[in-house]
Amino acid sequence: NSAQIGVTGLAVMGRNLARNFARNGYTVALHNRTVARTNALVEEFGHEGDFIAAETAKEFVAALERPRRLVIMVKAGDPTDAVIQEFAPLLEPGDMIIDGGNAHFADTRRRERELREQGIHFVGMGVSGGEEGALNGPSIMPGGPKESYDSLGPMLEKISAKAKDGAPCVTHVGPDGAGHFVKMVHNGIEYADMQLIGEAYQLLRDVAGYSPAQIAEIFRTWNTGRLDSYLIEITAEVLSHVDATTGQPFVDVVVDQAEQKGTGRWTVQIALDLGVPVSGIAEAVFARSLSGHAALREASRGLAGPKASPLSESEAAAFADRVEQALYASKIVSYTQGFHEIAAAREEYDWDIDLGAVSAIWRGGCIIRAAFLDRIRSAYDTRADLPSLLSDETFAQEIADAQDDWREVIVAATRQGVPTPGFAAALAYYDALRAERLPAALTQGQRDFFGAHTYRRTDRDGSFHTLWGGDRSEVDA
Ligand code: NDP
């Protein structure tokens, strides 16, 4: 009796993924550094399917049918390397190590390269959906060698989430680190989505004067329309929750300092390296950082702000509709930026990534799942080489319809002193992209002035330099 798959690392994610495989009829070998976790899983959930508990790495590997499929679900970083070093010597060519942790894609590229020399297939696999998703169906983003997907793919398709049309939320994303890269950008987009929702909430509260319970109702209504998504749905749940000990809205008793684990920050760091403007995601990461600077915020509390002018009841209702438009338009922009980053990495690393397929596997199971992703997929179905989501006719039209309200909301936020870095960055990106001329021409002039960095001309080819310190004549550079 041997296992089709093994899972090592049985904390919340690994445990639930193992149970998901077992519930789908696979025999699952189990291993964890601390044996107590393995035993606890078998005791509590052993009845759910066929498990083979292993105490040692050797027993674990011996329990797997060949070629072996070994899923690692441990803390990302050094622990992942430690576990690979423990298991790799026990494996044979053709075996597969699948890393389901939140690895940095550059680590995944390195590990894939090293293991390839040994003939081991290394699959960096992004998993989204938290512990709930791991158990009932996550969105899965495997990279690694394409041939690994032949035997692994059908199993992943079984345990993955299914989109509304029944399609499994998993595809072979691309070679080596492509899966983890796409998972990282997914998380970056998730940060941006959450930031935009947060800004909408604060505007509804501080400009429109609604209570958390009223705002929850507004989000519930929005969730029946084009903003229909998991994050909007849970936002309504969180906002309507009342704290049991104080009777206050739950959101008012939580310390307003947002934490982060790092994938949002990576998305921005790599975007800087690739030269891709992901300003919406960057603002979301910065907003979390700013919230955490408690002493700085305390010291700044006395700074002057504008005079508040509350809206009337009818004005507030109209304003809420405008905020919906601003949120939707900004959301289109953050997805545009995120997909641009994936497209740039595809080019840089020579990955064969189908952007439409990526949006399709995010339709179920993951944190950013939303009706909206169907629209993105059809945009890429219509035109696979779309230069940007904003070039899609439908999205362009929707933004055209939303833009007046979007601008009004940012004006109101500015007047009332409510920070909306996400909305404003998205609008600035949109306006910059559509601008006929950008002040970058002036930047080039300045660079040529102080550093002889040269410039190109609009009317003829070549590089030029002006003799700024001399007679200001122009020379070929
Ligand atoms: P943790 O990230 O908390 O990791 C705990 C697990 O790692 C335990 O099984 C632990 O073993 C093992 N471990 C830690 N260090 C070592 C080591 N040096 N050698 C061997 N094993 C080690 O668990 P999670 O379940 O939260 O996450 C697992 C992975 O999934 C992480 O990479 C995470 O980023 C990723 N992920 C998490 C999501 C979530 O919502 N939590 C969502 C998507 C991905 P022991 O029991 O012996 O301590």
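This is a predicted model, so every value here is computed, not measured. Counting from 1, the numbers follow the sequence of the chain as shown.
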Taking atom [atom1] of [X] as the centre, does the number of heavy atoms from other residues, nucleotides or ligands within less than 6.0 Å exceed 12?
X: Asp150; atom1: CG; result: yes
X: Asp401; atom1: CG; result: yes
X: Glu347; atom1: CD; result: no
X: Tyr26; atom1: OH; result: yes
X: Phe286; atom1: CZ; result: no
X: Asp78; atom1: CG; result: no

Is a side-chain donor-acceptor pair under 3.5 Å present for [Y] with [X]?
X: Arg434; Y: Tyr430; answer: no
X: Arg383; Y: Ser391; answer: no
X: Glu43; Y: Asn39; answer: no

Test your reading of the model: is there a side-chain donor-acceptor pair from [X] to the backbone of [Y], 3.5 Å cut-off?
X: Thr267; Y: Met184; answer: yes
X: Ser229; Y: Leu227; answer: yes
X: Lys162; Y: Glu157; answer: yes
X: Gln337; Y: Gly280; answer: yes
X: Asn20; Y: Asn16; answer: no
X: His172; Y: Gly144; answer: yes
X: Arg346; Y: Ile353; answer: yes
X: Thr56; Y: Glu59; answer: yes
X: Glu199; Y: Gly422; answer: yes

With the threshold set at 4.0 Å, does a side-chain nitrogen-carboxylate oxygen contact exist between [X] and [Y]?
X: Asp165; Y: Arg363; answer: yes
X: Glu398; Y: Arg375; answer: yes
X: Asp81; Y: Arg110; answer: yes
X: Arg109; Y: Glu112; answer: no
X: Asp405; Y: Arg407; answer: no
X: Glu190; Y: Arg369; answer: no
X: Glu48; Y: Arg23; answer: yes

Between [Y] and [X], is there a side-chain heavy-atom distance shorter than 4.5 Å?
X: Ile5; Y: Met155; value: yes
X: Leu231; Y: Met194; value: yes
X: Val170; Y: Pro142; value: yes

Ring of Tyr191, cation from Arg288 - is the NZ or CZ under 6.0 Å from the centre and inside 45° of the axis? yes
For Phe122, is the NZ or CZ atom of Arg116 found under 6.0 angstrom from the centre of its six-membered ring and inside 45 degrees of the ring axis? no
Any chance you could measure [X], atom [atom1], to [Y], atom [atom2], to the nearest 0.5 Å?
X: Phe395; Y: Lys331; atom1: CZ; atom2: NZ; answer: 10.0 Å
X: Leu10; Y: Arg15; atom1: CG; atom2: CZ; answer: 9.0 Å
X: Ile72; Y: Thr8; atom1: CD1; atom2: OG1; answer: 7.0 Å
X: Tyr429; Y: Ser388; atom1: OH; atom2: OG; answer: 5.5 Å
X: Leu204; Y: Glu324; atom1: CG; atom2: CD; answer: 11.0 Å
X: Thr38; Y: Asn32; atom1: OG1; atom2: CG; answer: 5.0 Å

Ring-ring centroid check Phe339 Trp362, cutoff 6.0 Å: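 Ring-ring flag for Phe339/Trp362: true, centres closer than 6.0 Å.
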Can you confirm whether or not the ring centre of Phe372 sits under 6.0 Å from the ring centre of Tyr335? yes
Shortest non-hydrogen separation from Cys366 to His186 and the atoms involved: CB-NE2, 3.3 Å
Minimum heavy-atom separation for Gln195 and Pro421, please, with both atom names. NE2-CG, 3.7 Å
Mind running side-chain contact (heavy atoms from CB on, under 4.5 Å) on Met141 and Ser139 for me, showing each step along the way? CA-CA 7 Å; Met141 293 149 257; Ser139 170; 3.8 Å; yes
Step by step, work out the side-chain contact (heavy atoms from CB on, under 4.5 Å) result for Ser151 and Arg69. CA-CA 9 Å; Ser151 79; Arg69 286 177 287 265; 3.2 Å; yes
Can you pull the side-chain hydrogen bond (donor to acceptor under 3.5 Å, both in side chains) pairs that have at least one residue in residues 92-105, sequence neighbours excluded?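 Residue pairs with at least one partner in residues 92-105: Arg66-Glu92, Arg68-Glu92, Arg68-Asp95, Asn102-Lys183.
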Which residue pairs satisfy the side-chain hydrogen bond (donor to acceptor under 3.5 Å, both in side chains) criterion with at least one member in residues 257-266, sequence neighbours excluded?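 Listed once each, the pairs are Asn187-Thr263.
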Working note: Phe60 + His31, criterion ring pair (Phe, Tyr, Trp, His ring centres under 6.0 Å); need CA distance, chi angles, decisive distance, verdict. CA-CA 6 Å; Phe60 181 57; His31 177 266; 5.4 Å; yes
